[in-house]
Amino acid sequence: MKQIDPCTLVLFGASGNLSRVKLMPGLFRLDALGRLPEKMAILSVGRGAVSREAWHADIKGMLDAKFKKGYDQKVFERFIARNHYHANPPTDPQAFERLKDTLSDEKTFPQNLAYFLSVRPSDFAPVVDQLASVDLLNEEKYWRRVVIEKPFGTDLPSAKALQASITRHLKESQIYRIDHYLGKSALQNILLQRFANTVLEPIWNKDYIDHVQITNTEMLGVGDRTQFYDATGALRDMIQSHVLQTLALTAMEMPKDLSPEGIRTEKIKVLEAIRPIPVNALEKHAFRAQYAAGEINGEKVPGYLEELGNADSVVETYAALKLFIDNPRWQGVPFYIRTAKRLHEADTRIAIRFKKAPMQIGSGQQQNWLIIGIQPRECIKMEIQSKIPGLDIRTRSIQLDAANRQDGDETVDAYEALLLNLMEGDNSQYLHISEVEAQWRLVDPVIEAWAKDRKPVHQYPAGSRDPEASKVIFEAEDQFWRYSIELGGDAE
Ligand SMILES: NC(=O)c1ccc[n+]([C@@H]2O[C@H](COP(=O)([O-])OP(=O)(O)OC[C@H]3O[C@@H](n4cnc5c(N)ncnc54)[C@H](OP(=O)(O)O)[C@@H]3O)[C@@H](O)[C@H]2O)c1
């Protein structure tokens with residue numbers, strides 16, 4: 001367990017959805033697990049005037065909603081005593097001076113300060129400016145850290161503009177850029193399973209691997225977030241960070257150690273080694289589609305364009321890309337990455353197909369697959385060829401299937417892990433600016449090209465498998481989308 005300095009977490013946007021569902025309950029759980037330092041305060045900052053009592057009642061409501069089976073009253077009392085509220089009305093020019101006054105009460109608020117900006121992305125830079133204007137980012141005596149929620153920009157220029165703005169006041173070591181996927185234990189496990197196992201690392205390269213698929217699919221549609229989604233799309237929403245981060249962990253070289261610098265250095269290198277997607281041959285490298293009306297779990301659901309109420313939208317709810325990594329380990333190995341809403345299954349996984357075996361026995365023989373399940377099931381599966389007992393020499397695939405999660409294992413939410421890392425000063429599970437920029441640099445040309453192309457977008461019925469047309473991006477005829485359950489499952 002790392003030592004945590006006494007500190008104050010200043011939570012901007014504490015009344016918002018993220019705070020209610022993840023941050024407050026996450027902090028409470030950390031307190032219950034004994035992971036918060038004794039001297040640790042939480043100062044919630046919001047636009048409205050709210051008394052401390054009313055704020056405590058609000059927090060109780062958040063915890064009641066999250067922990068339906070109840071919680072320990074002693075922990076609750078300790079937790080609630082840490083919580084304070086500060087009103088920061090946007091109309092008050094002195095608001096941040098008053099925030100500084102509030103925080104100057106050293107007995108209540110330890111002076112190491114972590115600011116969590118759970119606010120609208122357009123407010124990230126102005127809040128940092130205002131904190132700097134009242135000298136609340138100065139690290140002369142105490143540490144000062146700022147968490148920037150997702151998204152960090154909406155393209156490369158806006159990410160660079162945000163970076164330029166906040167680095168007028170902050171060093172890279174003070175900036176904690178969130179991709180909450182990195183807080184998931186299953187993602188951290190990719191690195192460990194790869195490098196802590198002699199049987200995996202030697203075959204993890206172009207000599208043995210035919211191709212890699214990284215998949216994140218949902219059965220859910222866009223719900224009531226239609227306007228947000230139509231301004232975002234699947235590439236920005238999922239691929240730009242979550243899926244590319246999963247790819248980075250799958251493909252990176254072994255870090256020199258497990259320090260934040262060690263891990264980030266190798267992730268940056270591999271992200272920067274991804275070959276730019278050729279926009280002049282986009283149709284062979286990228287495929288998009290939108291869900292049409294269909295059935296999910298036996299229930300009829302409308303299509304994306306109907307939900308949006310705009311038949312002209314070309315925004316994708318399905319996106320698949322083919323990527324190549326130009327380094328010695330991966331030269332020539334396609335990485336197919338895809339994300340979709342309203343597919344037939346909700347699953348996040350990495351599926352690796354190995355090359356043809358040296359002995360070819362005849363029909364029915366499959367290539368080996370290794371599958372790392374991230375969500376919902378955390379597992380590792382290996383498919384190998386085995387003789388069917390009997391007089392003839394015939395093979396079938398059998399599965400070695402191990403759950404990474406076992407009964408009684410701790411369930412830690414990604415935000416709990418990230419909040420703890422923040423207080424510990426460990427930013428290895430947060431994004432470095434070079435990662436953010438490499439990710440935008442890769443997807444921006446595709447987003448631009450797709451936005452310009454106003455032809456109607458390919459439709460797939462809600463609840464179906466990948467559109468047949470998506471196979472256009474495969475390099476070889478015998479490649480197919482791999483699903484989670486069945487052995488050697490094909491898209492047909
Ligand atoms: N919700 C999620 O699961 C999730 C997931 C990923 C990323 N994020 C990111 O996390 C951040 C917070 O998300 P959220 O869903 O919690 O946001 P939210 O509920 O819409 O808003 C957060 C807070 O911002 C303040 N706010 C809202 N509208 C405002 C306005 N017009 N002017 C000034 N302040 C305003 C409100 O606080 P006061 O009224 O108290 O000032 C509100 O509680 C965003 O950057 C989002 O992109 C959220």
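This is a predicted model, so every value here is computed, not measured. Hydrogens, waters and symmetry mates are skipped; everything else that's a heavy atom, side chains included, is used.
- When only modelled atom types and interatomic distance are considered, Gln459 and Gln290 share a side-chain donor-acceptor pair under 3.5 Å.
- For Ala234 against Ala319, the heavy-atom pair with the smallest separation is CB-CB, 4.1 Å.
- A donor-acceptor contact closer than 3.5 angstrom is absent between the side chains of Gln479 and Gln213.
- Sparse packing is recorded around NZ of Lys356, with 12 or fewer heavy atoms of other residues, nucleotides or ligands lying under 6.0 Å away.
- Heavy-atom contacts from other residues, nucleotides or ligands closer than 6.0 Å to CG of Asp224 number 12 or fewer.
- Listed by chain and residue number, Tyr336, Trp369 satisfy the ring-ring contact (aromatic ring centres under 6.0 Å, His included) test with His211 (two or more places apart in sequence, or in another chain).
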**OP:** Begin from the C-alpha positions of Val457 and Tyr318 and carry the test side-chain contact (heavy atoms from CB on, under 4.5 Å) through to its verdict.
**Re:** CA-CA 10 Å; Val457 171; Tyr318 177 107; over 6 Å; no

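- No more than 12 heavy atoms of other residues, nucleotides or ligands sit less than 6.0 Å from atom CD of Glu477.
- With respect to Asp478 and Arg353, a salt bridge is recorded, a charged nitrogen being found less than 4.0 Å from a carboxylate O.
- Using modelled atom types, one side-chain atom of Thr217 and one backbone atom of Glu345 make a donor-acceptor pair closer than 3.5 Å.
- For His432, the ring-ring contact (aromatic ring centres under 6.0 Å, His included) test picks out no residue, with sequence neighbours left out.
- Heavy atoms of other residues, nucleotides or ligands lying less than 6.0 angstrom from CZ of Arg275 number more than 12.
- The two residues Ser158 and Thr154 have their closest heavy-atom pair at OG-N, 2.8 Å.
- Panel note: side chain Gln365, backbone Ile361; a donor-acceptor pair is recorded below 3.5 Å.
- With sequence neighbours excluded, the residues satisfying ring-ring contact (aromatic ring centres under 6.0 Å, His included) with Phe67 are Phe28.
- Side-chain atoms of Trp440 come within 3.5 Å of backbone N or O of Phe152 as a donor-acceptor pair.
- Sparse packing is recorded around CD of Glu410, with 12 or fewer heavy atoms of other residues, nucleotides or ligands lying under 6.0 Å away.
- When atom types are taken as modelled, the side chain of Arg288 and the backbone of Trp450 share a donor-acceptor pair closer than 3.5 angstrom.
- Between the side chains of Asp179 and His242, at least one donor N or O lies within less than 3.5 Å of an accepting N or O.
- Judged by distance alone, with hydrogens and angles left aside, the side-chain atoms of Asn310 form a donor-acceptor pair with the main-chain N or O of Asp312 at under 3.5 Å.
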Subject >> Test side-chain contact (heavy atoms from CB on, under 4.5 Å) applied to Leu23 and Ser118, step by step >> reply: CA-CA 9 Å; Leu23 304 179; Ser118 182; 4.1 Å; yes

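- Taking a 6.0 Å sphere around OH of Tyr208, one finds it holds 12 or fewer heavy atoms contributed by other residues, nucleotides or ligands.
- Under the 30°/60° scheme for interplanar angles, the aromatic rings of Tyr176 and Tyr430 are found to stand perpendicular.
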Subject >> Residues Trp481, Phe474; criterion ring-ring contact (aromatic ring centres under 6.0 Å, His included); working and verdict >> reply: CA-CA 9 Å; Trp481 290 122; Phe474 288 136; 4.8 Å; yes

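- Residues Gln193 and Asn404 have side chains that bring a donor and an acceptor to within less than 3.5 angstrom of each other.
- Remark: Lys184 qualifies as a cation-pi partner of Tyr181 under the 6.0 Å distance and 45° angle criteria applied to the six-membered ring.
- Within the 3.5 Å criterion, the main-chain N or O of Val472 finds no donor-acceptor partner in the side chain of Lys284.
- Panel note: side chain Arg177, backbone Leu431; a donor-acceptor pair is recorded below 3.5 Å.
- Checked against His344 for a ring pair (Phe, Tyr, Trp, His ring centres under 6.0 Å), the options Tyr291, Tyr483, Tyr460 give a single hit: Tyr483.
- The two residues Leu420 and Leu30 have their closest heavy-atom pair at N-CD1, 4.1 Å.
- Thr395 and Ile388 get closest at one heavy-atom pair: O-CD1, 3.7 Å.
- Taking the charged nitrogens against the carboxylate oxygens, Lys2 and Asp426 do have a contact shorter than 4.0 Å, which makes a salt bridge.
- A salt bridge links Arg329 and Glu253; the closest N-O separation between the charged side-chain nitrogens and carboxylate oxygens is under 4.0 Å.
- Atom CG of Asp207 has more than 12 heavy atoms from other residues, nucleotides or ligands within 6.0 Å.
- For the pair Glu378 and Arg349, the salt-bridge criterion is not met [side-chain N within less than 4.0 Å of a carboxylate O].
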